Structure formats: structure tokens, C-alpha cells
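Here's the structure, in C-alpha cells; my notes come after.
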Amino acid sequence: MFTDDELRKDRIMRGEWEDKCQGMFGGKGPAPLIRSGIELKPLYTPQDIKNINYKDIGIPGMYPFTRGNYPLHYQVVPFMMLQGYGLAGAEETRKRRDWLSKLGSRLHVGREEDMTVYVLAVDLPTQRGIDPDEGSARGRVGECGVSISTVDDFIPLFERLPLDQTFTVLIGLDATLVLYALYAAYVMDIRKESLREVFIGPCNYYYHQWAWDTIAFPPRIAMKLQVETIKFILENCPKSLHTQVEGYNVGEAGATPVQEVAFNIAAVITMMEYTKEAGFDMDDVAQRFYVHPHVGLNLFEEIAKFRASRRLWAKIFKDRFGCRRHESLQYKIWASQTGGVELTAQEPLNNIIRTTIMAVAAMLAGVEGMWIASYDEALGIPTEEAVQVAVRTYQILSEETDIPYVTDPLGGSYYIEWLTNRMEEGIMNVLKKMEDLGGYMKCWESGWIRREVANSAYRRLKGLEEGKEVKVGMNKYKMEESPEITVFRPPKDAEDRAVQRIKKYREGRDREKIKIELEKVKNAALQIEHGWPDSCGRLMPALIEAARAGATLGEMHLILREVFGYGYYSG
């Protein structure tokens, strides 16, 4: 990238700079470490990127997409606003959706006639496939999201909304297949519309327990269930995405940025290998992933992480899986999310500054879209006031600043290009270590991934406790008293309403028909268990027919738990 003469002049100037530092400060002082363990220097010059191949940096919109997926980005396709929410009951959640519309919340910032976005966080029982009237659900219904257990629960959520103009994401965790079976039944039987016209983005990450201390399906079953979702979407929903590559939760659990990317790329590589075994076209699968990464407060580390991720994804999908389509090689960062773990319950208004910094990092890195956390998320479900500030953050950054004017404005920075390379090297090192340990599935099953995440989380917690890592207002500059903050509380009758709804739903059902369809679900699940990959694709149609017959979320999910086993934990 530079001539020998330019590098010689650079060495001379760096020598002069080092002399000045020595004279002023007696040396450069200790080198800081960013979260990924990379040691930083106080200055970067052409010397630091002399060995970089310019093709690895490239031009926006061109392979390997280091500088972004598009030749022009925010200039023509505005920043996407993928704000998630779920407030106990469908009625409260729909009220929040309508209120967000009045604020100008659409898929793309600034487009008043754009698509509606429904990123629905479901409550804890729904995530686990449990109906609200089951004993294990009591006291948890409406916690952390909206309760969904029947086809009818979608009616107040989507009434009067055009489904073909609504991007719908149900954050379902272990209940992903069952939730989308209920949604499909709603689309076909209540709305009388075609699945081919809907725009959905299943989370489809059954691998969450390697980030959290939680039970789930066994790893090899989880991978098959993910492939079931992929096959259904590819064959029935041409306008939809099939899998959200989940980096946010592993980041929240404590993974470093390098670990976050490496673990998720390893998961996707294995998912691709499973789909290949089932006879899928690699380009068809690759082009419909989308990414939900974590965004932390280390602005430059996060920018470099996203640039390195795009580059690695493009290389892996081209070289390992033979993908050739432009869309297959693009790491689509549709829903980066500002880190909740970065926010504090102390002096929560400070979180407005933190989320803005994280949002700026994401935009400078050229992500497609974002979920900006509300300032009170360390206290509970966001209030309307806090959500309004988050929505205005998107709008101000997109419409009041010059950030959108230039694609990859930091491209070519000595520091950014050097750090992008170091992040890529770090990610590759983790991937190599996983291969040496027997591959992704072995690392998952043995609990190695979970232990690595836990160790990183412990190191960070210890740094906060010892004051080596600063959290303003929490462990430094701490005030004795903080201003009172209003927090959201779900309605006290939310659980009772959910229980009464499902009891009423069960009245008058054709029990014999439901029994027959649930038996078909069981047979399809057994075939997935014992006849895979030839049986791939049988489970989701069976679930949809059971949902159309009137089966509830809990009734269908119970069969999956019984057939596949549930309670696996790798720690």
C-alpha cells in the first residue's frame, strides 16, 4: 500500500514522535487493553498497515465487504429501526405499537410510508413453550414480554395491520417453531392470506444455552430444529429471512467482541453443514441469514469488529461453501443492539449518553439497522418516556448529523484498518482453537463455550469491582442519592387475563381432531429424531396443522420436549 520511500519517511517521523513523548512524559506509559485482549498503541501510522493487502479493504459494496455491503448506503437506504418490545398482554403491546407509529417508528428512519416493525419479545413461559395456566408459568406470565399461547392471541396484535407490510420477529427461543406455526395458522385461517406474502425473521437460535445458564434441547436436536425452520422458510416464505445469527445474548452473557463473533460464525458454519447434509442449495441458505450482534461502549473496537465480521463471513462462505451470489456473501447486520450490560441502574439518565455512543459506533461501521436500548432497561421494561428518547436517538443521528453522508467514513484510517486486521486474527484464532478441540458441536456439548464466556464475564466483573473498569455513577463519582425514576410495571391482572383467555380458547374445541394432529406432530418429531436428514421438513407442517386444529403452544411444545428430551445444560 505504501512505497519503500514513504515507509522510510514514516519511520523517521515516528522516531521523532517517540523522542517527544519521552521528553514530555518520560515514556508512553502502560498500553491499554480493549475487551478482546488486544493491546493498543497511542499512535498508528502507515507502518502499522504496510502488510495489509488493499483487496482486503476494498470498496464499499464489493467483496469482501469490509467497508460495507452496499456502494451507497444510508444515502439511499436509511438506517433501520428495529425496536423490540412486549408488554404482558396483547392489548398493552398493541397500544405501544400504535404509540410508536405516532413517533415516526418505521422500518427505515424518515420514511413515513414505510413498513411497520413488530419485534415481539415474548414472556418467559412462552419462550419455554409453556401455556399461562400451567403451574410452572404462574408468577411469570407477562414477565419480560407478551404472553402468546394460541392463534387468537395474534388478533389484537395485528388487527388492521397489512401483514405484507409488517416485518415480524417473534423472539421465541425454544418455542420458535411452535410460535411460527401459530402465526402461520393465524395468517392462513384468520387473515385468509398467503404465507408467500409475509415478511418474517425467525430468531431460530436454539443454541442459546451455551451463553446462558439455562436448560434447553440437546445440541444435536437443537441444530436439527434450526434446519427445520430454514427449510420451511425457504419453501414457503420467499420474502422472509430464516435465521437471526444471535450475537447479542452471548455478548450480554460476558463474551468479548472476538468471542462473540467467533462463536456465532462457528454456529453458522455448523448450521450450513447440516443444511448441506439435508440437500439444501448453499446460496439459497446463505443469503437469508441476518445478524443480531451486541454493541459495546468501546467505539473503535466495535467498528473494527463489524468490519472484520463482514470480511470473514464473505471469505468463509465463498471459500468453504462455494457461494457465489452477492447476497450470500454479505454479513447482514440488520439488528445490532446496544448492550444492556453497559447500562446502569444508578443514574439511569447517563445511559442516554451510553446508548448514543454505541449507536454512533454501529452507524460508523455501516450496519443496516439497530435496536437502541432505552435508558431505563437496567430497571425493567422501558417506559414510554424512555422509548421515546431511544426513537429520537435514531432520528437525530440519521437526520440531524452528517454521519449518513459518506459510506464507511473511517475506511483507510491507520488505526481502524490495523484494528480490523487484529480483530479478524483474533476471531480466526478462536475458530482454530475450536477446531482443535473437536469442532463447534464438541465445544458446545462439553460446555467449553459456556466456560469461556463465564470466564470473560468474571474478568469484567472483577474489573468493575476493583475499579479498573469505570462505570460513571456506579463505581466512580457515585452519588449518595439518585433522582427518582418512574419504571414500567405490567398490569396486575395480566396473568389472570392470560389464564382466562386460554381456558376460554379451549372450550368448544374439537378435541378428537386436536388429538389426531398432535399425534402427527409426535410422529414427525420421531422421524426427525431417528430418520434425519431424509425426514427433514416434516415437523413444521405438522405443527401448523395442529395449530390450525386449535392446539395451544404448550400442547405442541410438550410433545417436542417429550420426544427430544429437554433439560440439557452445558456449563
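Predicted model, so just to flag it, every value in this text is computed and none were measured.
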Residue set satisfying ring pair (Phe, Tyr, Trp, His ring centres under 6.0 Å) with Phe306, at least two apart, ordered chain then number -> none
Please check: side-chain N/O of Asp283 versus main-chain N/O of Arg324, any donor-acceptor pairing under 3.5 Å? yes
What one should report as the nearest heavy-atom pair of Val250 and Gly247 is CG1-O, 3.1 Å
Sequence neighbours excluded, the answer for salt bridge (Lys or Arg N to Asp or Glu O under 4.0 Å) partners of Glu562 is none
Note to self: Between Arg97 (side chain only) and Val117 (backbone N and O only), is there a donor and an acceptor less than 3.5 Å apart?
What the structure shows: yes
Margin query: Under a 3.5 Å distance rule, please check whether Thr93 uses its side chain to pair with a backbone N or O of Leu87 as donor and acceptor.
Written below: yes
Tell me whether Asp174 contacts the main-chain N or O of Gln127 through its side chain, where contact means a donor paired with an acceptor under 3.5 Å.
no
Tell me whether Glu273 is salt-bridged to Arg320, with the criterion being a basic N under 4.0 Å from an acidic carboxylate O. yes
message: Under 3.5 Å, is there a donor on one side chain and an acceptor on the other for Asn264 and Tyr207?
response: yes
Side-chain touch Ile265/Leu431, heavy atoms, less than 4.5 angstrom: yes
Sorted by chain and number, sequence neighbours left out, salt bridge (Lys or Arg N to Asp or Glu O under 4.0 Å) with Arg220 holds for Glu445
Arg106 meets the salt bridge (Lys or Arg N to Asp or Glu O under 4.0 Å) criterion, sequence neighbours left out, with none
>> Do Tyr274 and Ile230 have side chains that approach each other closer than 4.5 Å (heavy atoms only, starting at C-beta)?
In response: no
Looking only at heavy atoms, the pair that brings Phe232 and Leu195 closest together is CZ-CD1, 3.7 Å
Donor-acceptor pairs under 3.5 angstrom involving side-chain atoms of residues 58-67: please list them, not counting sequence neighbours.
from: Thr66; atom 1: OG1; to: Asp56; atom 2: O; distance (Å): 2.6
from: Thr66; atom 1: OG1; to: Arg311; atom 2: NE; distance (Å): 3.0
from: Arg67; atom 1: NE; to: Asp408; atom 2: OD2; distance (Å): 2.5
from: Arg67; atom 1: NH2; to: Asp408; atom 2: O; distance (Å): 3.2

Give a yes or no answer on whether the side chain of Tyr394 reaches the backbone of Ile372 with a donor-acceptor pair at less than 3.5 Å. yes
Across all chains, not counting sequence neighbours, the side chain to side chain contact (heavy atoms under 4.5 Å, CB included) partners of Pro238 are Arg196
Should the ring pair Trp313 and Phe317 be called parallel, tilted or perpendicular, given that the plane angle runs from 0 to 90° and is split at 30 and 60? parallel
Listed pairs under 3.5 Å, donor-acceptor, residues 520-532 side chains, sequence neighbours left out:
from: Asn523; atom 1: ND2; to: Glu519; atom 2: O; distance (Å): 3.4
from: Gln527; atom 1: OE1; to: Arg538; atom 2: NH1; distance (Å): 2.4

- request: Measure from the side-chain N and O atoms of Lys192 to the backbone N and O of Asp189, and report whether any donor-acceptor pair falls under 3.5 Å.
  value: yes
**Prompt:** Under 3.5 Å, is there a donor-acceptor pair between the side chain of Gln337 and the main chain of His294?
**Reply:** no
Sorted by chain and number, sequence neighbours left out, ring pair (Phe, Tyr, Trp, His ring centres under 6.0 Å) with Tyr505 holds for none
*Spell out, as yes or no, whether a donor-acceptor pair under 3.5 Å connects the side chain of Asn455 to the backbone of Glu452.*
no
Applying side chain to side chain contact (heavy atoms under 4.5 Å, CB included) to Glu377 and not counting sequence neighbours gives Leu343, Trp371, Ala373, Ser374, Pro382
Taking every heavy atom of Ser240 against every heavy atom of Ile200, the minimum-distance pair comes out as OG-N, 3.0 Å
Taking side chain as C-beta onward, heavy atoms only, is Val227 less than 4.5 Å from Phe280? yes
When you compare the side chain of Asp131 with that of Pro125, does any pair of heavy atoms fall below 4.5 Å?
no
Hits for ring pair (Phe, Tyr, Trp, His ring centres under 6.0 Å) against Phe300, two or more places apart or cross-chain, chain-then-number order -> Tyr415
Requested in this report: Measure the shortest side-chain to side-chain distance between Val169 and Gln244 over non-hydrogen atoms and say whether it is less than 4.5 angstrom.
Outcome: yes
Given side chains that start at C-beta, do those of Thr338 and Glu342 come closer than 4.5 Å, heavy atoms only? no
Hits for salt bridge (Lys or Arg N to Asp or Glu O under 4.0 Å) against Glu193, two or more places apart or cross-chain, chain-then-number order -> Arg191
Suppose we call two aromatic rings close when their centres sit under 6.0 Å apart. Are Phe217 and Tyr566 close by that rule? yes
Given the options Arg325, Lys332, His242, Gln287 meets side-chain hydrogen bond (donor to acceptor under 3.5 Å, both in side chains) only with Arg325
State whether a side-chain donor-acceptor pair under 3.5 Å links Gln165 with Thr116. no
Exercise. Flag the pair Phe199 / Thr168 as yes when at least one side-chain heavy-atom distance between them is below 4.5 Å, and no otherwise.
Key: no
Minimum side-chain heavy-atom gap Tyr440-Phe263 below 4.5 Å:
no
Distance-only polar pair, side chains of Tyr70 and Glu368, donor-acceptor under 3.5 Å:
yes
Q. Is it true that the side chains of Gln226 and Thr243 contain a donor and an acceptor less than 3.5 Å apart?
A. no
Paired with Ser36, the side-chain hydrogen bond (donor to acceptor under 3.5 Å, both in side chains) test is passed by just one of Gln259, Lys305, Glu301, namely Glu301
Problem set entry | Ring center gap for Phe158 and Tyr118 short of 6.0 angstrom | yes
Step by step, work out the salt bridge (Lys or Arg N to Asp or Glu O under 4.0 Å) result for Arg422 and Glu425.
CA-CA 5 Å; Arg422 291 300 308 275; Glu425 290 169 6; 3.5 Å; yes
Sequence neighbours excluded, the answer for side chain to side chain contact (heavy atoms under 4.5 Å, CB included) partners of Ile190 is Val151, Asp152, Ile155, Tyr186
* With no hydrogens and no angle check, is any side-chain donor or acceptor of Glu228 less than 3.5 Å from a backbone partner on Leu539? -> yes
Query raised in the report: Sub-3.5 Å donor-acceptor pair from the side chain of Tyr248 to the main-chain atoms of Gly340, do we have one?
Result: yes
Of all heavy-atom pairs linking Ser456 and Ala255, the shortest is CB-CA, 4.4 Å
